[in-house]
Structures are given as C-alpha cells and as structure tokens.
Student: 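Dropping the structure in here first, questions after.
Quick note on labels: first sequence line is chain A, next is B, and so on, each numbered from 1.
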Protein chains: 2
Amino acid sequence: MTRPRPKTRIQIKNTRAILEAALEVFSQHGFRGSTVDQIADAAGLSKPNLLYYFPSKEAIHLELLAGLMDTWLAPLHQLNTDGDPVDEIVGYVLRKLAMARELPRESRLFANEIVQGAPRIIDQIEGDLRDLVDEKCKVIRDWIKQGKLADVDPYHLIFSIWATTQHYADFDAQVRGILHPKKDAHFADAAEFLENFYRRALAVS
Amino acid sequence: MTRPRPKTRIQIKNTRAILEAALEVFSQHGFRGSTVDQIADAAGLSKPNLLYYFPSKEAIHLELLAGLMDTWLAPLHQLNTDGDPVDEIVGYVLRKLAMARELPRESRLFANEIVQGAPRIIDQIEGDLRDLVDEKCKVIRDWIKQGKLADVDPYHLIFSIWATTQHYADFDAQVRGILHPKKDAHFADAAEFLENFYRRALAVS
DNA sequence: GTCTATAAGGTGATAGAC
DNA sequence: GTCTATCACCTTATAGAC
C-alpha cells in the first residue's frame with residue numbers, strides 16, 4: 001500500500017521502467033484498453049511486483065499524465081513577448097511539430113485521454129493549461145493591437161496549432177496510410193507546409 | 001449465429017437502436033473501453049438479445065465504421081474542380097467544421113480508432129480514403145499550376161483541414177475546458193477564424 | 001424473438017512464502 | 001523485494017427454456 005520512500009537504485013530503476021512501459025502501453029491502447037499484465041511484461045516485472053511500486057493501474061496513469069504536463073506545456077511557455085510576433089508563432093508551431101515527431105507516445109497518451117472526455121485530466125486542463133493559454137492569448141492580442149500580427153482570435157489560433165501539429169503524432173496511422181507508399185519522411189514536408197502557411201496567414205497585409 | 005435476413009419492422013428498429021447505442025458508447029469509451037452490456041442497456045435490449053442481432057461486439061463496431069465511411073468522405077467528395085479554388089477549399093473547411101459540430105460522436109469514433117493505430121480500419125484508409133485524397137490532390141495541384149492558389153503541398157493542406165476542424169469534435173473536452181467560462185457557442189468563432197485563415201494562406205500574392 | 005442461466009476466460013488486486 | 005498462488009469480479013458469448 002505505502003509506496004517505498006527511501007529510494008534505492010533498484011527502486012528508481014524499476015519505477016522508471018514501469019513508467020516507460022506504461023507510456024508505451026497506455027499511449028497505444030488507452031487507459032481501459034491497457035492491462036496491468038501488459039505493462040508488467042513490458043517493464044520486465046511480475047504483476048504483483050509492479051503493484052508493489054504503484055498501488056493501482058490508475059495511479060500509474062495519473063503519475064504519467066502529471067509528470068508529462070510540464071513537457072507538454074514547455075513549447076507554449078517559450079513564446080516570447082519581446083520577439084518578432086510572426087517568428088514567435090512560427091517558432092511555436094515548429095517546436096510543437098518537433099515534439100509530435102520526437103514524443104508521439106506522449107501526444108497519443110493525452111489524445112486518448114482527451115478524446116474520451118478527459119475524465120482523469122480535466123482539472124489540469126482547467127488549471128495550469130487554461131492559465132497558461134489565457135496568459136499567452138493576452139500577449140497575442142497585444143501584438144495584434146500593435147499591428148504586428150493579422151487580426152485573428154488568439155484562442156482559435158492556438159487550437160489550430162495544437163491540431164495541425166499533434167495530428168502527425170495522434171493520427172499517424174492515417175497519415176501514413178494516405179501517404180504510403182509515396183513518402184516516408186513526411187515531417188520535413190509538414191514543417192515546410194506549416195511554416196509557410198502560418199507566415200502567410202499571420203502577416204499583416 | 002446467422003443474422004436475420006427477411007427484416008421485419010421490429011428487426012429494423014432494433015438493429016438501428018443497437019447501432020445508435022453503439023455509436024454513443026464506442027465514441028465515448030473506444031472499442032476496448034466499451035462493453036456489450038453498456039450498448040445493450042443504451043439500446044434498451046438484453047445482452048443476449050443484442051447478440052442475436054450481431055454475432056459479436058467487433059461486428060457491431062465494424063458495421064458502424066463501414067456504414068459511416070460515406071458520410072465521413074462526403075464533404076471531400078463535394079470539392080468541385082470547376083469552382084473557384086479558394087472558395088472550394090474554404091467551402092470544404094466549413095462543411096467539415098459543420099460535420100464536427102453536428103456529428104461529434106462519429107468524429108470521435110474514428111478518432112478513437114485511428115489514435116490507437118486504426119487496427120480495424122486501416123484497409124479502408126489505404127483504400128477508398130487514399131484514392132479519394134489522391135484524386136482531390138491532383139485537382140489542387142492543377143489549381144496551383146494555373147496560378148489560382150498559393151503553392152502548398154495538397155496532402156498537408158488536407159491534413160491541416162482534417163486536423164483543425166475535427167479538433168472541435170475530438171478534443172471538445174479540452175476546447176471547453178480552455179474556453180470555459182468565457183465562451184459557449186465557440187463554433188461560430190471557429191468558423192470565422194478558419195475561413196479567414198485559409199483565405200489568407202491560400203490567396204495568390 | 002426474448003429471456004434466464006451459465007460457461008469460459010480475462011483482469012485488477014491481494015496473501016503469504018521466500 | 002520478488003515470487004507463486006489465488007480471490008473476486010467483470011466481460012464476451014452461448015445454451016436452452018418460453
């Protein structure tokens with residue numbers, strides 16, 4: 001029941017192995033579709049041993065989501081008030097696209113959770129995430145007022161950036177199915193498309 | 001085992017009730033997260049009675065996906081070679097957004113399936129869907145050659161349209177969480193944002 | 001056509017030996 | 001800390017009465 005406190009090297013190693021395995025399994029099958037057995041196998045532990053480290057399947061899922069929130073929000077955090085507005089937005093788009101390429105499992109973990117109504121994460125969405133988005137939307141509004149950016153709704157701009165970039169991680173199976181056998185390394189094409197697209201759409205005319 | 005062939009009124013009614021209930025349940029919890037019990041309850045039938053109409057849970061899921069493919073593809077089908085290119089693309093965007101508003105369950109049904117690797121639908125993606133996309137991408141390429149549209153990769157343009165519009169259905173929980181309590185009817189704002197956005201990005205300069 | 005009852009196997013979690 | 005064994009429950013699907 002009580003989790004081990006004074007962490008030995010082996011405890012740290014096993015905890016990490018469990019979280020890594022859980023990310024792999026949860027991102028692929030969703031919470032309900034994943035079994036403790038699968039995670040234990042992937043982590044190289046027995047089921048009871050895994051449940052010695054975490055009290056329940058839900059506890060693993062929660063720790064994963066909470067632990068990844070910072071990584072998830074980092075690219076938006078970096079949006080810099082003092083930079084060139086269009087460059088800043090494009091930079092955000094490209095950072096987010098890089099994250100979809102490098103951390104697709106993390107993206108799908110969140111996608112699975114949100115598509116199903118975000119039951120285990122709604123508090124974080126209406127907390128840290130909303131606060132950060134509100135803050136950055138004010139910055140974008142200022143840029144627009146100063147005539148440095150086309151007049152667009154900042155919230156829907158951010159939604160569009162999330163949608164277009166995460167699409168390449170979350171709907172990877174579809175993207176590959178459509179592009180196959182034409183293209184393999186489609187991320188470079190996506191980056192070029194998105195950069196040009198956002199530059200054209202956001203430039204003041 | 002054998003499904004009823006000469007369909008009586010009650011059989012038609014029950015089959016429809018099952019598919020309607022299955023759409024509700026599958027779109028909310030995914031395939032693995034849904035139980036036959038839930039679907040039977042939602043359809044107002046007993047579990048054995050439901051399994052008299054469909055041989056298995058998977059059969060219901062398959063019939064749902066196959067039956068919705070046409071609806072799913074209709075907005076892209078309507079893309080008209082002879083229309084004004086920018087208007088045609090914007091029209092497609094708005095039809096797709098309207099579909100996200102009016103048929104969010106259908107959108108989430110596909111989203112759940114694709115996020116998890118599209119195991120039960122990959123053939124349709126690499127079949128009908130890919131053929132249609134290939135066809136329409138040729139049309140878009142022609143428009144670009146004729147100088148009627150900005151030079152963009154047509155495949156990634158279509159991906160961006162899917163992403164930005166379906167986002168409002170698939171990630172509804174997040175959109176509401178961010179916008180709450182500011183806005184309720186955000187679809188009108190989304191439509192305005194997307195129309196202006198695609199017009200600016202696609203106009204020849 | 002619809003029901004009750006139940007088979008058959010999976011699943012989260014625990015007990016207790018080592 | 002880790003294991004084997006097991007419990008209690010859930011879930012898909014079927015059998016057979018009505």
Student: List the residues meeting ring-ring contact (aromatic ring centres under 6.0 Å, His included) with A:Phe110, not counting sequence neighbours, and say none if there are none.
Tutor: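 Partners of A:Phe110 by the ring-ring contact (aromatic ring centres under 6.0 Å, His included) criterion, ordered by chain and then number, come out as A:Trp72.
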
Student: Could you tabulate the donor-acceptor pairs under 3.5 Å formed by side-chain atoms of residues 169-176 of chain A, not counting sequence neighbours?
Tutor:
{"unit_1": "A:Asp170", "atom_1": "OD1", "unit_2": "A:Ser107", "atom_2": "OG", "d": "2.7"}
{"unit_1": "A:Asp172", "atom_1": "OD1", "unit_2": "A:Arg176", "atom_2": "NE", "d": "3.0"}
{"unit_1": "A:Asp172", "atom_1": "OD2", "unit_2": "A:Arg176", "atom_2": "NE", "d": "2.8"}

Student: Check whether any side-chain nitrogen or oxygen of B:Thr35 sits under 4.0 Å from OP1 or OP2 of D:dC10, and answer yes or no.
Tutor: no

Student: Round to a whole Å and report the spacing from CG of A:Leu50 to C1' of C:dT11.
Tutor: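 Going from CG in A:Leu50 over to C1' in C:dT11 covers 14 Å.
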
Student: Would you please name every residue forming a ring-ring contact (aromatic ring centres under 6.0 Å, His included) with B:Phe26, sequence neighbours left out?
Tutor: B:Phe31, B:His61

Student: Excluding sequence neighbours, so at least two apart, what forms ring-ring contact (aromatic ring centres under 6.0 Å, His included) with A:Tyr198?
Tutor: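 ring-ring contact (aromatic ring centres under 6.0 Å, His included) check on A:Tyr198 returns B:Phe197.
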
Student: C:dA13 C1' sits how many Å from A:Asp37 CG, rounded?
Tutor: 11 Å

Student: When you check the phosphate oxygens OP1 and OP2 of D:dT11, does a side-chain N or O of A:Arg32 lie under 4.0 Å from one of them?
Tutor: yes

Student: Report the residues that fulfil ring-ring contact (aromatic ring centres under 6.0 Å, His included) with A:Trp143, sequence neighbours left out, ordered by chain and then residue number.
Tutor: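 Listed in chain order: nothing, the list is empty.
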
Student: How long is the line joining CZ of B:Phe54 and P of D:dT14, in whole Å?
Tutor: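 From B:Phe54 CZ to D:dT14 P: 15 Å.
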
Student: To the nearest angstrom, how far is B:Asp41 atom CG from D:dT12 atom P?
Tutor: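 In whole Å, D:dT12 P lies 12 Å from B:Asp41 CG.
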
Student: Distances under 3.5 Å between protein N/O atoms and the N/O atoms of nucleotides 2-9 of chain C, please, pair by pair.
Tutor:
{"unit_1": "C:dT2", "atom_1": "OP2", "unit_2": "B:Asn14", "atom_2": "ND2", "d": "3.4"}
{"unit_1": "C:dT2", "atom_1": "OP2", "unit_2": "B:Asn49", "atom_2": "OD1", "d": "3.3"}
{"unit_1": "C:dT2", "atom_1": "OP2", "unit_2": "B:Asn49", "atom_2": "ND2", "d": "3.4"}
{"unit_1": "C:dT2", "atom_1": "OP2", "unit_2": "B:Tyr53", "atom_2": "OH", "d": "2.9"}
{"unit_1": "C:dT2", "atom_1": "O5'", "unit_2": "B:Asn49", "atom_2": "ND2", "d": "3.1"}
{"unit_1": "C:dC3", "atom_1": "OP2", "unit_2": "B:Ser46", "atom_2": "OG", "d": "2.7"}

Student: Grab the CZ-C1' distance between A:Phe26 and C:dG12 for me, whole Å please.
Tutor: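 About 12 Å, once rounded to whole Å.
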
Student: What is the distance, to the nearest angstrom, from the CG atom on A:Leu51 to the P atom on D:dG1?
Tutor: 16 Å

Student: Considering only side-chain heavy atoms of B:Ser56, which listed nucleotide, C:dG12, C:dT14, D:dA13, is closest?
Tutor: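 That would be D:dA13.
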
Student: Looking at the rings of A:Tyr168 and B:His156, which for Trp means the six-membered one, are their centres under 6.0 Å apart?
Tutor: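 Centroid separation for A:Tyr168 and B:His156: below 6.0 Å.
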
Student: For A:Ile39 and C:dG10, give me the distance from atom CD1 to atom P, rounded to whole Å.
Tutor: 18 Å

